[in-house]
Amino acid sequence: MRLSSYTLLIGLGLLCGPGFAATLVYEGYVAGVRAGSATVELAISDGRYQITGSAAADGVVDWFSDWYSEFSAVGRLTETTPTLSQYVYLQRDGDSRREVRVADGRLHYRKNQRPPRNRPAFATPDLLTALFVNPQCNERWWVNTGRRNYRLERRPGKAGVCRYEVFDRHEDSFTIDLVLGQRFGYRVHISMTARALVRARFVLVEQAPAL
């Protein structure tokens, strides 16, 4: 399976509680080489949550790609259960443009100047909400990127590591290792390592445990 923007975004997950607001910066590496970075703004309070951010190619990758994305998810919280109101993902890569919007149970997708597509949204949690609002190391769960739905199944891993095999609609899969730790009084995502055709790693900008 080719690494995609999904792999980049899944590395940004963290666990937050009500009243928490922060700016988090992550760096991405492919085969040990700096490849990108992302900034995420979080606000969770008064029964609502908002996640906004952007990610871009940099380092060696910036020599031949101007890949850039913006993303957001807004929703309500009932105790610890999130309900999405709107999800947006915008991507630019050279002359290519993608726009994904989910609201009111509908997915609106457009690529470049092609006619937009409109269909029912997936019933599973969107990727940002699933990874940023009260995530758990569940045995089996689903997330979607608006356009695609993914199944995650827990696999044995090292102590303190949530290891998953991630399946797409064709049952192609790759493995990810999620590491959580305490920051700001909350348990947050410290790093994610994806193993597909190449090894990719995404880390909070600080020292992270070696895998």
Side-chain angles (χ1 to χ4, degrees), residues 1-16 24-40 42 51 53-59 61 67 69 71 73 82 84 87 89 91 100 122 124-183 186-211:
M1 175 185 291
R2 187 174 69 88
L3 290 176
S4 65
S5 56
Y6 163 76
T7 314
L8 177 62
L9 285 172
I10 201 171
L12 307 179
L14 71 161
L15 178 61
C16 306
L24 297 171
V25 178
Y26 292 81
E27 295 178 347
Y29 299 84
V30 176
V33 177
R34 174 71 178 264
S37 61
T39 300
V40 180
L42 302 172
I51 307 159
S54 63
D58 63 19
V61 175
W67 183 90
S69 71
F71 45 86
L84 179 72
Y87 169 88
Y89 177 77
Q91 177 183 303
V100 177
F122 291 110
T124 54
D126 69 277
L127 184 62
L128 290 174
T129 298
L131 293 176
F132 283 72
V133 183
N134 195 31
Q136 305 291 330
C137 284
N138 298 319
E139 290 300 313
R140 180 185 173 100
W141 49 296
W142 293 79
V143 296
N144 75 78
T145 61
R147 295 181 58 226
R148 298 284 184 262
N149 209 22
Y150 295 87
R151 184 179 81 253
L152 285 76
E153 296 186 358
R154 187 80 180 268
R155 298 289 184 255
K158 296 180 180 180
V161 176
C162 301
R163 173 166 290 180
Y164 288 101
E165 190 168 1
V166 183
F167 296 88
D168 66 12
R169 60 177 177 166
H170 302 296
E171 291 298 301
D172 292 328
S173 68
F174 62 93
T175 301
I176 61 171
D177 287 338
L178 304 176
V179 176
L180 304 178
Q182 293 291 326
R183 298 294 185 276
Y186 294 86
R187 190 167 60 128
V188 301
H189 181 137
I190 304 302
S191 70
M192 188 281 292
T193 302
R195 295 177 175 86
L197 296 179
V198 296
R199 182 178 185 267
R201 194 172 191 223
F202 308 93
V203 299
L204 189 63
V205 178
E206 61 174 17
Q207 184 177 0
L211 285 177

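Values below: every heavy atom of this structure, side chains too, minus hydrogens, waters and symmetry copies. Each residue takes its place number in the sequence, starting with 1.
With Tyr164 contributing its side chain and Asn138 its backbone, the two residues share a donor-acceptor pair below 3.5 Å.
Residues meeting the side-chain contact (heavy atoms from CB on, under 4.5 Å) test with Ser54, sequence neighbours left out: Tyr68, Glu70. Not counting sequence neighbours, the partners of Pro82 by the side-chain contact (heavy atoms from CB on, under 4.5 Å) test are Tyr49, Leu77, Thr129, Val133. Evaluation of the side-chain contact (heavy atoms from CB on, under 4.5 Å) rule for Arg148 yields Thr145, Tyr150, Arg169 as partners, not counting sequence neighbours.
Ring pair Tyr89/Phe71 is parallel by interplanar angle, where below 30° counts as parallel and above 60° as perpendicular.
Minimum heavy-atom separation, Pro125 to Trp142: CD-O, 3.5 Å. Taking all atoms of both residues into account, the shortest heavy-atom contact from Ala130 to Trp141 is CB-CZ3, 4.0 Å. Taking all atoms of both residues into account, the shortest heavy-atom contact from Ile51 to Leu128 is CD1-O, 3.6 Å. Residues Thr124 and Val143 approach most closely at OG1-C, 4.2 Å, considering heavy atoms.
Taking CD from Glu153 and CD from Glu139, the interatomic distance works out to 10.0 Å, rounded to the nearest 0.5 Å.
Inter-residue side-chain proximity for Glu27 and Asp58 is flagged as unmet; no heavy-atom pair is nearer than 4.5 Å. For the pair Leu152 and Ile176, the minimum side-chain heavy-atom distance is below 4.5 Å. Under the 4.5 Å side-chain criterion, counting only non-hydrogen atoms from C-beta, Lys158 is not in contact with Arg163.
Seen from the ring of Phe167, Arg151 counts as a face-on cation partner, given the 6.0 Å and 45° thresholds.
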